[in-house]
Amino acid sequence: MVKHDVLDLKLAAKGKKRIEWAERDMPVLSQVKEKFAKSKMLKGKRMSACLHVTAETANLVRTLKAGGADIVLCASNPLSTQDDVAAALVAEYGIPVYAIKGEDNKTYYKHLVTAVEHAPAVTMDDGCDLVTLISSKYPEIARGVIGSMEETTTGVIRLRAMEKDGALKFPVIAVNDAQTKNLFDNRYGTGQSTVDGIIRATDFLIAGKTVVVAGYGWCGKGFAMRCKGMGANVIVLEIDPIKGLEAAMDGFRVMTMAEAAPIGDLFCTLTGDLHVIRPEHFRKMKEGAIVCNSGHFDCEIDIVGLRKLAKKEIKGVRNFVDQFVLPNGRSIYLLAEGRLVNLAAAEGHPASVMDMSFATQALATEYVIENSGRLKKKVYNVPMEIENWVATAKLKSLGISIDKLTPEQVKYLSSWQEGT
Ligand code: ADE
């Protein structure tokens, strides 16, 4: 048995079924897996992946292993692990996993350290915790890293700050910024899975409610769009004037958090930023307001501030729901301890959309290895050839054909002489 720290290996059979179910909806990643199994491009490469341990991630890790990678996996969030999947990866697929749903911060970091001590040549991150740890505390191991991939917006924000500070120790591919990732995973994945997490946690009826969406990036757009489609009155909050304008012209009410606080029935943060909802906002909220987060870190809601403000905290009024009674007598309900509600209270994005993100991850890994030594200590975009390959393969798997330019059109688009 490979080394591991998972909840219970007896869950492996259930986890395997779940992984296989997800695989049915991941045809593009399966194609990459077949390609890797033949080429063995990753043969002997030590890899550490810090990702949400889900059925979809299991299929990514199996793909990398099929390519010959010597890979270990740890959780990228203490609440997102699917324990049956973690068990199956260890017992059925021989992949070392360090992840337990609900692990405390100490265990979370112990698991990260185990992934660092694997001395990876290639790392894969979701939120940048692994890269930050290697870069700040393990200079020797950092020197051995050829490159890394980053899965999420929050992680890319941190990486760009590291690059600016000269703290980046190896090249990183911003997989999050690929169109094959954010147009689909961030928008349709987050849109659906956030609604899913909220409903599973609360049994909340969206129709007719006032839903306040903080952030109008791709994740916020997706969530706002889905809530509108389900009959909510949606309010969007932004700090970027262009995105604020976009939300207004998409038909949403746009205002400040101070204005939205007394009106909202449900608040969801999807910003990648700190303390978007603070005590001054909690004080104004209606009785029974529900507050949650679908951004990567649990810092978007000022939970310490909420705890200080509340005169009473009742944990677990339902699974993933805690009640805070404020001095004004009103109760606020916080979902999933302010961690990403879509992965904590539901199963994250559906496999069909993770198919593209994870095919892009796998091909970016191949790219990093092929270009070993040629890339600088910078944050790179995913090459367009990879994006086009993934989009073409996904269209094909959906049975969709698109037109090709005629030779006449090619010529027209590359010329400038013809006008009115
Ligand atoms: N991020 C969002 N949804 C996910 C999923 N299903 N698996 C892994 N990472 C995710």
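For ligands, and for the atoms within them, numbers begin at 1 and follow the listed sequence. Heavy-atom basis, side chains included; hydrogens, waters and symmetry copies ignored.
- Ligand 1 places these atoms under 4.0 Å from at least one heavy atom of Leu343: 1 (N), 2 (C), 4 (C).
- Ligand 1 has no nitrogen or oxygen under 3.5 angstrom from a nitrogen or oxygen of Asp126.
- Annotation: atom 10 (C) of ligand 1 to nearest protein heavy atom, Met354 CE, 3.6 Å.
- Within the cation-pi definition used here (under 6.0 Å to the ring centroid, within 45° of the axis), Lys228 qualifies as a partner of Phe252.
- The ring-ring contact (aromatic ring centres under 6.0 Å, His included) check on His296 picks up His52, with sequence neighbours excluded.
- Under a cutoff of 6.0 Å and an axis angle of 45°, Lys243 and Tyr216 do not form a cation-pi pair.
- Checked against a 3.5 angstrom limit, the closest N/O atoms of Thr54 and ligand 1 fall inside it.
- Of the options Thr152, Asp185, Asn186, a side chain to side chain donor-acceptor pair (under 3.5 Å) to Ser357 is made by Asp185 and by none of the others.
- Side-chain contact check for Gln323 versus Lys315: every heavy-atom pair is 4.5 Å or farther apart.
- A pairwise comparison of heavy atoms in Cys74 and Ala115 identifies SG-CB, 3.8 Å as the closest pair.
- Residue Glu347 places a heavy atom under 4.0 Å from ligand 1.
- On a distance-only criterion, His349 and ligand 1 share at least one N/O pair closer than 3.5 Å.
- Under a 4.0 Å criterion applied to the non-hydrogen atoms of Thr57, ligand 1 contributes the atoms 7 (N), 8 (C).
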